[in-house]
Amino acid sequence: MTRVKQIWIVFLIIISLMISFAMGALTAGLKHWFQPLVSMQISNQSGQTISMLKLSVKTAGVQHQIFFQPLENNKTIATQFFVQGEGGYRLEVTLANGQTVSGGRGYIESGYTVKEVVRSNGISSAVSY
């Protein structure tokens, strides 16, 4: 094998490794493998439409509020949000008749999956990791 051919083969191997690394890093970033998001499902089982739904999230000393569109009875919405390691959250709901309900499990970490069920008498939470 000639010297030029050996250099060409080494060059192709190095380029292939660089492309493979870049594709792996891109995939990990797009799928949030570096820092998983919190996934949350909010189900309305209250017997009436939720006219106002607010999710307050606190992480790294910063509080964020996420507002959702009205949610009809027996409907579910899904959302994802970022917390820096760990944080807390609270749901505040106003039903169509003006009644307010608040709750939520409170403590969350990156990668948690949370299922919240809104009823007329309270909010129940289920968390999986």
Side-chain angles (χ1 to χ4, degrees):
M1 216 173 354
T2 67
R3 178 103 171 118
V4 172
K5 198 172 196 178
Q6 288 176 336
I7 292 173
W8 182 248
I9 289 172
V10 170
F11 176 76
L12 288 177
I13 290 171
I14 291 171
I15 293 297
S16 297
L17 290 172
M18 289 172 57
I19 290 171
S20 297
F21 177 82
M23 294 302 293
L26 181 64
T27 299
L30 291 174
K31 294 192 174 274
H32 305 288
W33 292 345
F34 297 123
Q35 183 74 38
L37 298 175
V38 173
S39 298
M40 182 177 286
Q41 289 183 345
I42 304 168
S43 298
N44 181 5
Q45 302 296 320
S46 66
Q48 44 188 312
T49 298
I50 294 175
S51 59
M52 193 277 298
L53 175 56
K54 178 174 75 170
L55 171 63
S56 300
V57 179
K58 185 173 184 178
T59 181
V62 179
Q63 178 121 2
H64 303 279
Q65 295 182 340
I66 304 168
F67 290 88
F68 297 93
Q69 296 293 324
L71 184 61
E72 295 179 17
N73 189 44
N74 296 320
K75 298 285 183 180
T76 300
I77 58 171
T79 188
Q80 291 183 321
F81 54 91
F82 175 78
V83 293
Q84 190 171 340
E86 60 185 20
Y89 75 95
R90 182 166 182 78
L91 282 173
E92 295 178 40
V93 172
T94 302
L95 301 174
N97 66 359
Q99 177 185 353
T100 59
V101 181
S102 62
R105 183 171 187 272
Y107 177 80
I108 48 174
E109 291 183 20
S110 298
Y112 277 22
T113 299
V114 182
K115 294 184 180 182
E116 299 286 343
V117 179
V118 178
R119 295 186 173 82
S120 60
N121 61 346
I123 299 173
S124 60
S125 306
V127 177
S128 60
Y129 313 99

Tell me if a side-chain donor or acceptor on [X] pairs with a main-chain N or O of [Y] at a distance below 3.5 Å.
X	Y	result
Ser110	Val38	no
Thr59	Gln84	yes
Ser46	Gln48	yes
Gln99	Ser120	yes

Distance-only donor-acceptor pairs under 3.5 Å for side chains of residues 8-22, two or more places apart:
residue : atom : partner : partner atom : Å
Ser16   : OG   : Leu12   : O            : 2.8
Ser20   : OG   : Ser16   : O            : 2.9

Show your working on side-chain hydrogen bond (donor to acceptor under 3.5 Å, both in side chains) between Ser102 and Glu92 and close with a plain yes or no. CA-CA 4 Å; Ser102 62; Glu92 295 178 40; over 6 Å; no

With side-chain contact (heavy atoms from CB on, under 4.5 Å) as the test, would you mind laying out the steps for Gln45 and Asn74 before giving the verdict? CA-CA 5 Å; Gln45 302 296 320; Asn74 296 320; 3.0 Å; yes

Keeping to residues at least two apart or across chains, list the ring-ring contact (aromatic ring centres under 6.0 Å, His included) pairs with something in residues 80-113.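 Every ring-ring contact (aromatic ring centres under 6.0 Å, His included) pair that includes a residue of residues 80-113, provided the two are not neighbours, is Tyr112-Tyr129.
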
Do Glu72 and Thr49 pass the side-chain hydrogen bond (donor to acceptor under 3.5 Å, both in side chains) test, and can you show the C-alpha distance, the side-chain angles, and the key distance before you say yes or no? CA-CA 4 Å; Glu72 295 179 17; Thr49 298; over 6 Å; no

After noting the C-alpha distance and the side-chain angles of Ile50 and Leu95, does the key distance pass the side-chain contact (heavy atoms from CB on, under 4.5 Å) rule? CA-CA 4 Å; Ile50 294 175; Leu95 301 174; 3.9 Å; yes

Run the side-chain contact (heavy atoms from CB on, under 4.5 Å) check on Asn44 and Leu53 step by step: do they pass? CA-CA 10 Å; Asn44 181 5; Leu53 175 56; over 6 Å; no

Report yes or no: do [X] and [Y] belong to one cluster of Ile/Leu/Val/Met/Phe/Trp/Tyr joined by side chain heavy-atom distances under 4.5 Å?
X	Y	answer
Val118	Met52	no
Leu37	Met40	no
Val57	Ile77	yes

Are more than 12 heavy atoms from other residues, nucleotides or ligands located less than 6.0 Å from atom NZ of Lys75?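 Counting other residues, nucleotides and ligands, NZ of Lys75 stays at 12 neighbours or fewer.
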
For the CD atom on Gln65, are there more than 12 heavy atoms of other groups (residues, nucleotides or ligands in this structure) within a distance under 6.0 Å?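 Yes, CD of Gln65 has more than 12 neighbouring heavy atoms, counting only those of other groups under 6.0 Å.
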
Distance from Ile123 atom CD1 to Ile42 atom CD1, nearest 0.5 Å?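 Going from CD1 on Ile123 over to CD1 on Ile42, the span is 8.5 Å.
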
Where is the tightest heavy-atom contact between Gly104 and Glu116, given as atom of each residue plus distance?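 In terms of heavy atoms, the two residues are closest at CA-OE1, 3.7 Å.
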
Full working for side-chain contact (heavy atoms from CB on, under 4.5 Å) between Lys115 and Ser43: CA-CA 8 Å; Lys115 294 184 180 182; Ser43 298; over 6 Å; no

